[in-house]
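Remember, predicted model here, so these are calculated numbers, not experimental data.
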Amino acid sequence: MDEPRLRIYLAGNVALERGDVLVPETRLPGGQGRLAFALLAAERSNALSTEHIADVVWDGNPPASWGTALRAIVSKLRGVIAETGAEATIEHAFGCYQLRLPPDVWIDIEAAATAAHDAEVALRTGDIASANGAALVANAIARRPFMEGANGAWVQRQRAHLHTILVRALSCRAEIQLAKGDLTGAAGDAERIIALEPFRESAYVMLMRAHVGAGSNALALATYGRLRAILAAELGASPSPDTKAAFIEVLHAT
């Protein structure tokens, strides 16, 4: 019988899961322990210096006794990881820590990035079913909040990374819905992208395509007007030539 796979969740509530064993984030040593674990898991392929970990954990302002405090956090994290029964631990060598995990470990933010890539590839090859499944996985993970209550440059970079994955997943979903003829779903996903990135012209183009497909040229015109207005007001710019051409093509396709 195969051994259960270790699963690590970093988006939303941090947790470790292996078979019937679930270790919730309440078992982690406070907010600093949660952040230290997330850092080690997200960057598991690298050995991280104690100084770098301390900088992230204490948001650039570690206490005078940070070395002792960090060793205590790591010791507690090792105990939490051991609760899963997995062959995993935090190794220490040459002033660095590294989280060693089983080869088949599943980490949600890694899975989200892979799923977004797979969705885009499948969409390009016309495999709508595979694209849809992968896009749903990426969307489900990337829309969760990352390290709520935590601050700092590293946390912001991770949030930006998940934001990008979410937009990619929603873009795939909108294209999939258009291909399937689900114009309401396509419009909804396009609007979600616009809410996240108001200047993303491709989202307005997809929204226009959905409106025209539903027989509403007036809404397509209004969508293009929204784009022109926000670009002019916020950036002092106008839609790109490609967007203008797409707008004309969409209207002429009816």
Side-chain angles (χ1 to χ4, degrees), residues 5-18 22-62 70 73-74 76-77 80-81 84 86 88 90 97-101 105-120 133-173 189 191-200 203:
R5 186 181 192 185
L6 177 63
R7 302 172 71 88
I8 295 175
Y9 303 89
L10 301 178
N13 292 325
V14 177
L16 298 88
E17 182 181 39
R18 184 171 179 264
L22 175 65
V23 182
E25 67 176 29
T26 53
R27 293 286 300 121
L28 299 173
Q32 292 163 348
R34 181 180 69 140
L35 188 50
F37 176 74
L39 171 63
L40 289 164
E43 302 192 18
R44 64 192 178 100
S45 60
N46 301 313
L48 306 178
S49 71
T50 54
E51 290 83 4
H52 174 61
I53 298 172
D55 184 66
V56 171
V57 168
W58 282 284
D59 192 14
N61 189 30
L70 182 58
I73 289 172
V74 170
K76 291 176 182 177
L77 288 178
V80 170
I81 295 167
T84 66
I90 301 172
Y97 287 110
Q98 185 169 12
L99 179 59
R100 296 292 187 181
L101 297 168
V105 67
W106 181 94
I107 300 178
D108 60 353
I109 60 175
E110 293 180 2
T114 298
H117 171 75
D118 291 346
E120 291 166 342
L136 288 173
V137 169
N139 174 72
I141 297 171
R143 70 185 179 187
R144 299 172 191 159
F146 183 82
M147 294 287 112
E148 278 191 306
N151 297 301
W154 182 82
V155 172
Q156 293 302 325
R157 285 195 298 273
Q158 294 301 311
R159 287 173 181 162
H161 179 57
L162 284 174
H163 173 96
T164 299
I165 291 172
L166 178 57
V167 170
R168 289 168 61 195
L170 288 171
S171 296
C172 286
R173 281 192 8 167
D189 285 331
E191 287 284 16
R192 291 182 186 95
I193 298 169
I194 291 169
L196 292 168
E197 296 192 356
F199 308 127
R200 181 172 284 267

Would you say Asn139's side chain and Ala169's backbone share a donor-acceptor pair under 3.5 angstrom? no

Verdict with reasoning, Phe37 to Leu10, per side-chain contact (heavy atoms from CB on, under 4.5 Å): CA-CA 9 Å; Phe37 176 74; Leu10 301 178; 4.1 Å; yes

Taking side-chain contact (heavy atoms from CB on, under 4.5 Å) as the definition, give me every residue that meets it alongside Arg192, ordered by chain and number, with sequence neighbours left out. Leu170, Arg173, Asp189

Could you note down all residue pairs passing side-chain hydrogen bond (donor to acceptor under 3.5 Å, both in side chains) where residues 145-164 supplies at least one of them, sequence neighbours left out? Glu43-Trp154, His163-Glu197

At their closest point, which heavy atom of Leu6 faces which heavy atom of Ala86, and how far apart are they? CD2-CB, 4.0 Å

Between Ile165 and Ile141, is the side-chain contact (heavy atoms from CB on, under 4.5 Å) condition met? List the steps. CA-CA 9 Å; Ile165 291 172; Ile141 297 171; over 6 Å; no

If I compare all heavy atoms of Pro29 with all of Lys76, which pair ends up nearest, and what's the gap? CB-CD, 3.7 Å

Checking Gln98 side chain against Arg44 main chain: does a donor-acceptor pair fall under 3.5 Å? yes

Okay, side chain of Arg27, backbone of Val80: is any donor-acceptor separation there less than 3.5 Å? no

Distance-only donor-acceptor hits, side chain of residues 45-60, under 3.5 Å, sequence neighbours excluded:
{"from": "Ser49", "atom 1": "OG", "to": "His52", "atom 2": "N", "distance (Å)": "3.0"}

Between Arg5 and Val105, the two heavy atoms sitting closest are NH2-O, 3.9 Å

What one should report as the nearest heavy-atom pair of Ala135 and Cys172 is CB-CB, 4.1 Å

What verdict does the side-chain contact (heavy atoms from CB on, under 4.5 Å) test give for Val23 and Arg18, after you've listed the backbone C-alpha separation in whole Å, the side-chain angles of each residue and the deciding distance to 0.1 Å? CA-CA 9 Å; Val23 182; Arg18 184 171 179 264; over 6 Å; no

